[in-house]
There are 2 protein chains.
Amino acid sequence: METVNKKILLVEDDPNFGIVLKDYLSMNDFDVVLAKNGMEGFEKFKKDNYDICILDVMMPYKDGFTLAKEIREKNEHVPIVFLTAKTMKEDVLKGYKAGADDYLNKPFDSEVLLMKIKAILQRKASSTLADSRKFEFTIGQFQLNSKLRFLKFKDEEPIKLSPKENELLRLLALHENDLMPRELALTKIWRDDNYFTSRSMDVYIAKLRKYLKVDESVEILNIHGEGFRLVVKTEE
Amino acid sequence: METVNKKILLVEDDPNFGIVLKDYLSMNDFDVVLAKNGMEGFEKFKKDNYDICILDVMMPYKDGFTLAKEIREKNEHVPIVFLTAKTMKEDVLKGYKAGADDYLNKPFDSEVLLMKIKAILQRKASSTLADSRKFEFTIGQFQLNSKLRFLKFKDEEPIKLSPKENELLRLLALHENDLMPRELALTKIWRDDNYFTSRSMDVYIAKLRKYLKVDESVEILNIHGEGFRLVVKTEE
DNA sequence: TAATGCGTTTAACCTAACCTTAACAAAAAT
DNA sequence: ATTTTTGTTAAGGTTAGGTTAAACGCATTA
């Protein structure tokens, strides 16, 4: 059987190093697309689907962090690994906040990177693919397009959603009529579960309720201490 | 808010470093169990469920790799992070082969570890396995949904149940027509068995009886000094 | 460099939900 | 008859959540 190779987006400004790494990964059965800065990286990311992104941090024309943020807005799940010469703690933390999956300090052994990539892809394979690519939802009389971040009611003008509004409503929709645990939203969207992120989430719930009010058959219920439930009353 | 903290198994032979790390993680809302070698680590692992394991590599009485393999045999999914002083490539590779999720070289910044842990748990949050707990019960003409915490009588509006009401009714339902010992409910739900918790439970029994009153075929009987019995009279 | 706009967080205030405790009554056991 | 256990209701205190508005941070524009 011929398995399709995994696709890697490699963004690295040092041309020598980039080529060497690309060749090494290609030899190990990956399809590698090389971009030489953040700008180019984002263009290439938009044009194709990648299984994993490997980003250099320090680059001209958009650094790795900025690129990571943009990638995360487009795709919540694609694994991101940072490469960096710096060992600055702040940078590492910044990287994780930007949604990194892993971090590798230069110089590193290419074989180690390879193992990391394999480990990450393996993890991803075992986790649910189901929800990772679903972007369109029907919620009562609404249409949610989570990729383009808008919510449309019947034929009215679509409401633009902010990233957080969008992700939260999407999570609720993925669990329609079922419990969407607080904790899940906090870890997946806010990347931290504490008092403040929790209150922030409540603010967003209020915003969503406001949007959804025009359709009486749709509502967001609270399950005290557990989370929320997006219910769609099916007309009897 | 009563979110249950994530549990970390930390296996580290250096007592000073171990304690410091444990305290740091505890301060950040993790429940940390510290073991001081591989042997002890495995014993503790078997006795409880952990959300993540952090293992030192070089330890007396069973090293980190061996421990990781044993843990993997018991649990395929629990994330494992290695800590090591060595930068040996072979060790890193060995670690990934043993099923590591991540790798951190000493000395490392504890804040970095914290971010790594959060990143890993966040990844895991998406693949939350369906809880094998039983959540739905039919009690006479009632439907109890214990996950969404409501009790529905025929086609009427569901009654929302509080966590305690819900857990108690669920326990009774699990023992339908049979004795549900006081002590069981007190230890499982109240986590303490004393005069006050016992009286509190009686209050909840009264509340449940009120809810269940609309269906004559269902009632909660007391077995003096023993516990309660949820009986459903099968129509003759 | 300041002003503006946008998304998000934090603060503030209020209500609802929840749990415990107390009080008293009734039933069961001793 | 007295003690212990249970039934029930109501009061009190604590925490979670609903909501609005102000503050903040960041990027873009003037």
Side-chain angles (χ1 to χ4, degrees), chain A residues 38 42 62-63 65-70 72-73 94 97-99 149-151 159-169 172 179-183 185-186 189-213 219-230, chain B residues 1-4 148-151 158-169 172 179-183 185-186 189-213 219-230:
Chain A
F42 192 55
K62 196 177 294 178
D63 68 286
F65 299 132
T66 314
L67 177 56
K69 266 186 211 157
E70 292 178 354
R72 268 285 165 271
E73 274 185 31
K94 207 170 154 192
K97 275 185 191 136
R149 293 214 321 251
F150 68 76
L151 179 66
I159 305 161
K160 285 190 189 178
L161 297 180
S162 82
K164 287 257 152 66
E165 290 169 348
N166 177 54
E167 286 303 308
L168 186 55
L169 185 53
L172 285 164
L179 171 67
M180 194 282 291
R182 280 194 99 81
E183 199 211 334
L186 292 173
I189 303 177
W190 275 265
R191 295 166 191 286
D192 192 14
D193 179 352
N194 62 44
Y195 171 77
F196 292 108
T197 53
S198 191
R199 284 335 315 277
S200 190
M201 169 172 169
D202 289 332
V203 171
Y204 278 92
I205 290 287
K207 291 183 192 205
L208 292 181
R209 283 185 172 136
K210 224 176 244 178
Y211 294 148
L212 298 175
K213 201 146 51 184
E219 61 183 324
I220 298 174
L221 299 183
N222 173 251
I223 299 174
H224 199 96
E226 298 287 334
F228 293 92
R229 189 153 83 98
L230 177 67
Chain B
M1 202 181 60
E2 96 131 293
T3 328
V4 180
L148 302 177
R149 290 213 325 245
F150 67 75
L151 179 66
I159 304 161
K160 284 192 183 184
L161 298 180
S162 84
K164 288 258 151 68
E165 291 168 350
N166 177 54
E167 286 302 306
L168 186 55
L169 186 52
L172 286 164
L179 171 68
M180 194 281 292
R182 273 195 106 79
E183 197 214 332
L186 291 173
I189 304 176
W190 275 263
R191 288 161 190 289
D192 191 14
D193 179 352
N194 61 44
Y195 171 77
F196 292 109
T197 53
S198 190
R199 287 329 323 273
S200 192
M201 170 172 169
D202 290 331
V203 171
Y204 278 92
I205 291 288
K207 291 184 191 200
L208 292 180
R209 282 183 173 137
K210 220 179 245 177
Y211 294 148
L212 298 175
K213 201 145 51 185
E219 59 182 327
I220 298 174
L221 300 182
N222 174 252
I223 299 170
H224 201 92
E226 299 289 333
F228 294 91
R229 191 154 82 96
L230 176 68

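Each chain gets a letter, A, B and so on, in the order the sequences are listed, and its residues count up from 1.
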Is there a side-chain contact between A:M201 and A:L186, using heavy atoms and a 4.5 Å cut-off? yes
B:R182 side-chain proximity, nearest of D:dT6, C:dT21, D:dG18: D:dT6
Report the residues that fulfil salt bridge (Lys or Arg N to Asp or Glu O under 4.0 Å) with B:R229, sequence neighbours left out, ordered by chain and then residue number. none
Non-neighbouring partners of A:D192 that pass salt bridge (Lys or Arg N to Asp or Glu O under 4.0 Å), sequence neighbours left out: B:K118
Identify all side-chain donor-acceptor contacts of residues 206-213 of chain A below 3.5 Å with residues at least two apart in sequence or on another chain.
| residue | atom | partner | partner atom | Å |
| --- | --- | --- | --- | --- |
| A:R209 | NE | A:I220 | O | 3.1 |
| A:R209 | NH2 | A:I220 | O | 2.8 |
| A:Y211 | OH | A:E165 | OE1 | 3.4 |
| A:Y211 | OH | A:E165 | OE2 | 3.0 |

Exercise: identify the closest heavy-atom pair between A:L67 and A:G38: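 Reported closest heavy-atom pair: CD1-O, 3.6 Å.
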For residues A:L168 and A:A185, report the shortest heavy-atom separation together with the two atoms involved. CD1-CB, 4.1 Å
What is the distance, rounded to the nearest whole Å, between atom [atom1] of [X] and atom [atom2] of [N]?
X      : N      : atom1 : atom2 : result
A:N194 : C:dA11 : CG    : P     : 12 Å
B:E183 : D:dT6  : CD    : P     : 13 Å
B:K213 : D:dG7  : NZ    : C1'   : 11 Å
B:N166 : C:dA17 : CG    : P     : 16 Å
A:M180 : D:dG17 : CE    : P     : 11 Å
B:L212 : D:dT8  : CG    : C1'   : 16 Å
B:D192 : C:dC19 : CG    : P     : 16 Å
A:E219 : D:dG18 : CD    : C1'   : 14 Å

Sugar-phosphate, base or nothing in reach of B:Y195, heavy atoms under 4.0 Å: nothing
Report which part of the nucleic acid B:K160 touches: base, sugar-phosphate, or nothing (heavy-atom distance under 4.0 Å, all strands). nothing
Indicate whether OP1 or OP2 belonging to [N] is found under 4.0 Å from a side-chain N or O atom of [X].
X      : N     : value
A:R149 : C:dC6 : no
A:S162 : C:dT8 : yes
A:K164 : C:dT9 : yes
A:W190 : C:dT9 : yes

Name the pairs: protein N/O against N/O of nucleotides 27-30 of chain C, kept only if under 3.5 Å.
none

Going by number, which of residues 199-208 of chain A have a non-hydrogen atom under 4.0 Å from DNA chain C?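 Heavy-atom cutoff 4.0 Å gives A:R199, A:S200, A:V203, A:Y204, A:K207.
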Sequence-distant partners of A:T66, side-chain hydrogen bond (donor to acceptor under 3.5 Å, both in side chains), two or more places apart: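 For A:T66 the side-chain hydrogen bond (donor to acceptor under 3.5 Å, both in side chains) partners, ignoring immediate neighbours, are A:D63.
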By side-chain hydrogen bond (donor to acceptor under 3.5 Å, both in side chains) - contacts of B:E219 (at least two apart):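 Listed in chain order: B:K233.
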Partners meeting side-chain contact (heavy atoms from CB on, under 4.5 Å) with A:F196 (sequence neighbours left out):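 Only A:N194 meet the side-chain contact (heavy atoms from CB on, under 4.5 Å) criterion with A:F196.
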Just jot down the side-chain contact (heavy atoms from CB on, under 4.5 Å) partners of A:H224, sequence neighbours excluded, or say none.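 Result, side-chain contact (heavy atoms from CB on, under 4.5 Å) vs A:H224: A:N222, B:R149.
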